[in-house]
Amino acid sequence: MPRKIAAGNWKMNGLQSTLSELRTLEDKHGDADIAILICPPATLISACEDTPFDIGGQDCHTGEFGAHTGDISAEMLADVGASYVLVGHSERRTDHAETDALIAAKSEAAYDAGLIAVICIGETLEERESGTTLDVIDAQLAGSVPDTADAQTTVIAYEPVWAIGTGKVPTTDQIAEVHGHIRARLSERFDDGAEFSLLYGGSVKGSNAADIFAVANVDGALVGGASLTADAFSPIIAALEEA
Ligand code: PGA
């Protein structure tokens, strides 16, 4: 069975004072039997040392060290306690023109540092409306997921770009179609394709989480806005625990 993961992506949000949210979350979910992953800004990773949750970076460089001002390596994330890293988030693909090949290289860097790579994929609204969603997914899976990937080292997050931060959510049929497609592609390519955790992301909230988690091949969520407070994230975690 793929492991269930409730992942929070804080993006460029969070100061030291925000860490009190994690303590509240710990009171409620400190001994949960699903994985709870928090991806705070890199500045807060070492301060998360005492939480019972898994901690992840939001991006990494392809290299281990070197003259790359402002970048952070997977090795550095691991050094301060991260066990995961997000790669290929649509905001990185858009804001920093990241390509599938770069994302595959970042995933390899994550593996080398002993991190689990959460590889994000998803179509734009234009691609959805032109009926090319599954082609886009195929190209991103082929280009962003390294041949060396396996279910222990890699999580796939399907995040339709048009659903991120917009309050718009695909229908459960649309999520089922894409997640089923991703599962089939991974199973063709990898011996343990059935074991990869597949997360849905894009406007997940307490009010829609249970419906989304009831969809076949959805093993959890990658949550942005609703992961920033314990009050908003807790019902999502609870829904996944019950799914
Ligand atoms: P959202 O973001 O939950 O705020 O839509 C999801 C994400 O970007 O991972």
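In listed order, ligands and their atoms are each counted from 1. The basis for the numbers below is simple: all heavy atoms, side chains too, and nothing from hydrogens, waters or symmetry mates.
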ask   = Is G165 close to ligand 1, meaning an N/O of one under 3.5 Å from an N/O of the other?
value = yes
request  = Decide whether an N or O pair under 3.5 Å exists between S203 and ligand 1.
outcome  = yes
task = Please indicate whether any nitrogen or oxygen in K11 is less than 3.5 Å from any nitrogen or oxygen in ligand 1.
result = yes
query = Where's the contact between A163 and ligand 1, heavy-atom distance under 4.0 Å: side chain, backbone, both or neither?
reply = backbone
query = Can a donor-acceptor pair be found between the side chains of Y84 and Q58 at a distance below 3.5 Å?
reply = no
inquiry  = I need the contact type for N9 against ligand 1. Using non-hydrogen atoms and a strict under-4.0 Å cut-off, is it side chain, backbone, both or neither?
reply    = side chain
request  = State if K205 counts as touching ligand 1 under the rule of any non-hydrogen atom under 4.0 Å.
outcome  = no
ask   = Salt bridge or not for R93 and D100, using N-O below 4.0 Å?
value = yes
request  = Considering only non-hydrogen protein atoms, determine which one is nearest to atom 3 (O) of ligand 1 and report residue, atom name and distance to 0.1 Å.
outcome  = G224 N, 2.8 Å
Those atoms of ligand 1 less than 4.0 Å from some heavy atom in H89 = 7 (C), 8 (O), 9 (O)
key: D59/R92 ion pair, N-O < 4.0 Å   = yes
remark   = Rounded to the nearest 0.5 angstrom, the CZ-CD distance for F196 and Q152 is 9.5 Å
query = Which ligand 1 atoms, with their elements, are less than 4.0 angstrom from a heavy-atom of G202?
reply = 5 (O)
ask   = Is G201 in polar range of ligand 1, meaning some N or O pair under 3.5 Å apart?
value = no
message = Are any of the N/O atoms on G225, whether in the backbone or the side chain, positioned under 3.5 angstrom from an N/O atom of ligand 1?
response = yes
message = Starting from atom 9 (O) of ligand 1, what is the nearest protein heavy atom, named by residue and atom, and what distance separates them?
response = E159 OE2, 2.6 Å
remark   = So OG1 of T172 and CZ of F213: to nearest 0.5 Å the spacing works out to 13.5 Å
query = With the threshold set at 4.0 Å, does a side-chain nitrogen-carboxylate oxygen contact exist between R3 and E195?
reply = no
message = Looking at E49, I'd like to know if its CD atom is crowded, meaning that more than 12 non-hydrogen atoms belonging to other residues, nucleotides or ligands lie closer than 6.0 Å.
response = no
inquiry  = Taking R23 first and then E26, would you say they form a salt bridge - that is, a charged N and a carboxylate O separated by under 4.0 Å?
reply    = no
